Amino acid sequence: MDFINEMKWRDMIHDSTPGLQEVLGSGITPAYVGFDPTADSLHIGNLVPIMLLVHYQNCGHQPIALIGGATGLIGDPSGKNTERKLLTLDKVEYNISRIKPQLELFLDFDSGKKSAKIVNNIDWFKNINTISFFRDYGKHLTLNYMLAKDSVQNRMQSGISFTEFSYQLIQAYDFHHLNKTMGCKLQIGGSDQWGNITAGIELIKKTTNNKVHAFTTSLLTKSDGSKFGKTESGNIWLDPKKSSPYKFYQYWMNVSDDDAKKMIKIFTVLNEAEINNLFKLHEKEPHLRILQNELSKRITSRVHGGDAYAQSLKVSNILFGKNTSHLLQEISEEDFLMVFEGVDQYDIDKSILQSGLNVVELLTTHTGIFKSKGETRRLLDSNAISINKIKCKSDCLILKANLLNGKYLLFQKGKKHYSIICAQ
RNA sequence: GGGGGAAUACUCAAGCGGUCAACGAGGGCAGACUGUAAAUCUGCUGGCUUAGCCUUCAGAGGUUCGAAUCCUCUUUCCCCCA
């Protein structure tokens, strides 16, 4: 299968250097994508470059995931308006230790010559001497060339440190190093990486006369204009401790039809015929939301495992199904807690329920879920609040007998916002 | 340095002495419909012990029975002339 054609129908091509297709056609070609360890987990925005590597490997080539243990210490100015705070060495090392296993979930490390590799650029940068680096590599990129990059130009007004300015040279050296040691002939990235990648191409041409290539993918945008991977409560992370599998699953479940069509091509390895078939099925019975189901199933089980997916599905059925208050009564404490891991939890003293507690009091003074009683009454009056999946009015009393498993209350605002109240 | 204008709730933006907790729009939240969608329609969007009360219209004073609205000073911003 041809990688370029594959990317074409998946709508993932933003730009690429001429002649790439011929190179890829000539045999297994190593290519790399860089990941900066700026946080202690990848988030779903990082899934785009990860999937590029996955598709790349499926097209018969060798993917290399480069973790920027060195570049993470510098900071990439691309797409950033302001200078960034430097991360400490400890922090970067910790982040890498968290991110590496996440990358391993996606790639195949046991498929002969196209087995994936994970490398860390600190391994080659830690031994490099500053003077020889400037002499051997700095000499090949002119200041004029480096200043012309968008990432630098965009910062000429607000300011850019030499540290961040030097980033493109550091990244260029990565490409050079991988080309020399692993025969890497292609660097892949988001469209914001074009400048950094071409700097690498330039450096390799000047130092070794080798011809190497760039491939960039468009930044994924959502049809409603919001940023992909962000919710009002922040990023969706791959780390289940930072974003529960349920939240993760729900993110994909909630994407619009248009977005689902785009995403299923990017985030699954289903082939063109399979995807077209899903489109057809979806159009025939749109209410079944086949695309969203397929998306969330495939990505959730890949990242969090089949069990976590099944769990999320089960929970979602309880939360979004009809007349499910009785199902909620049957759920075990263990399942209940697993489901709502990551959901806001509020503790109350069990004794206050002794003679029944007004729901407004419960939600304001005793839990602080709402700060204003007025707001709470408004929501209650507009039928927006449920406890244990049963709608509440403002005169509703909460009793000990209402506790699930003798301990919990499931609070719900609107259709999608849940919290649990734990009575001790 | 001289002259003029402006500051209103999350944002934009009305208001020009009482009927102003403050028009309208956007955003947000919720309800109906639906597919946990989109579109549409409806309600809400300062606080409270909610037929009422309290605190708000840059800040501090003042005039008045009564001020977001008038006056004075302060702060900040904009424009014009030097």
Side-chain angles (χ1 to χ4, degrees), chain A residues 44 220-234 236 243-264 267 278-300 309-325 327-328 331 339-340 342-344 352 357-397 410-419:
Chain A
I44 63 177
L220 182 56
T221 52
K222 291 213 301 171
S223 52
D224 63 359
S226 64
K227 210 174 160 195
F228 169 71
K230 290 254 184 186
T231 64
E232 45 204 279
S233 48
I236 304 288
S243 299
S244 69
Y246 165 73
K247 257 191 187 163
F248 184 90
Y249 167 87
Q250 278 293 321
Y251 183 84
W252 301 103
M253 206 59 195
N254 273 310
V255 301
S256 71
D257 289 11
D258 285 349
D259 292 334
K261 282 180 188 163
K262 273 199 265 181
M263 290 178 189
I264 200 153
F267 297 111
L278 286 175
F279 284 0
K280 250 183 245 161
L281 290 174
H282 186 273
E283 262 159 52
K284 203 186 280 173
E285 295 186 283
H287 58 282
L288 295 180
R289 294 189 303 150
I290 289 163
L291 291 175
Q292 285 91 337
N293 274 298
E294 202 60 37
L295 248 185
S296 41
K297 174 181 165 185
R298 286 177 183 272
I299 307 177
T300 309
Y309 161 72
Q311 188 64 25
S312 303
L313 184 65
K314 183 175 159 193
V315 170
S316 298
N317 285 337
I318 293 174
L319 296 185
F320 296 104
K322 289 192 177 93
N323 301 319
T324 54
S325 57
L327 286 175
L328 197 59
I331 193 168
V339 168
F340 293 106
V343 166
D344 289 340
I352 59 175
L357 180 67
N358 175 265
V359 67
V360 178
E361 287 297 320
L362 175 71
L363 298 178
T364 54
T365 47
H366 292 287
T367 59
I369 292 180
F370 298 116
K371 292 207 175 63
S372 150
K373 290 188 184 174
E375 182 192 4
T376 311
R377 282 200 197 87
R378 262 198 307 278
L379 287 164
L380 285 159
D381 290 343
S382 60
N383 221 16
I385 307 290
S386 299
I387 301 278
N388 296 346
K389 296 293 288 179
I390 298 167
K391 294 284 184 191
C392 278
K393 292 285 172 211
S394 51
D395 56 359
C396 189
L397 283 182
L410 177 65
F411 162 82
Q412 179 182 10
K413 183 188 79 155
K415 282 177 183 147
K416 300 183 193 172
H417 304 280
Y418 290 91
S419 302

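The sequence lines fix the lettering, A, B, ..., with proteins before strands; numbering per chain opens at 1. No experiment lies behind these values; they were computed from the predicted model shown.
- Near-neighbour residues of RNA chain B inside residues 384-397 of chain A, defined by a heavy atom below 4.0 Å, number-ordered: A/Ala384, A/Lys391.
- With C1' as the reference atom, B/C78 and B/U72 are 23 Å apart, rounded to whole Å.
- Listed by chain and residue number, A/Phe228, A/Trp252 satisfy the ring-ring contact (aromatic ring centres under 6.0 Å, His included) test with A/Phe267 (two or more places apart in sequence, or in another chain).
- Distances shown here put a side-chain N or O of A/His417 below 4.0 Å from the OP1 or OP2 atom of B/A30.
- Across all strands shown, B/G5 is found opposite B/C77 as a Watson-Crick or G-U wobble partner, with both distances under 3.5 Å.
- Side-chain contact of A/Asn388 with A/Gln412: a donor-acceptor pair under 3.5 Å is absent, judged by distance alone.
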**Asked** For every nucleotide of nucleotides 34-48 of chain B, 5' to 3': is a protein heavy atom under 4.0 Å from its base (B), only from its sugar-phosphate (S), or from neither (-)?
**Response** BBBS------SS-SS
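- Nucleotide B/U40 has B/A32 as its partner under the Watson-Crick or G-U criteria, with both atom distances under 3.5 Å.
- Atom P of B/G43 sits at a distance of 23 Å from the matching atom of B/C10, rounded to the whole Å.
- A gap of 42 Å separates the C1' atoms of B/A37 and B/A51, to the nearest Å.
- B/C33 and B/C53 have their P atoms separated by 38 Å, given to the nearest Å.
- Counting heavy-atom neighbours within 6.0 Å of A/Lys262 NZ, excluding the residue itself, gives a total above 12.
- Across A/Leu328 and A/Lys389, no two heavy atoms sit closer than the pair CD2-CG, 3.8 Å.
- Rounded to whole Å, the separation between the C1' atoms of B/G17 and B/G31 comes to 40 Å.
- Using modelled atom types, one side-chain atom of A/Asn293 and one backbone atom of A/Leu288 make a donor-acceptor pair closer than 3.5 Å.
- Contact check for A/Leu357 versus A/Glu361: side-chain heavy atoms found under the 4.5 Å cut-off.
- A 4.5 Å side-chain heavy-atom check between A/Ile44 and A/Phe248 finds at least one atom pair inside the cut-off.
- With P as the reference atom, B/C71 and B/U63 are 15 Å apart, rounded to whole Å.
- Counting heavy atoms from C-beta on, the side chains of A/Asn254 and A/Tyr249 never come closer than 4.5 Å.
- Atom name P, nucleotides B/U75 and B/C12: the rounded distance is 24 Å, in whole Å.
- Searching all strands for a Watson-Crick or G-U wobble partner of B/G26 with both distances below 3.5 Å returns B/C10.
- Using C1' as the reference atom, B/A25 and B/A14 are 11 Å apart when rounded to the nearest Å.
- The residues A/Lys371 and A/Glu375 are annotated as not salt-bridged, no charged nitrogen and carboxylate oxygen being separated by less than 4.0 angstrom.
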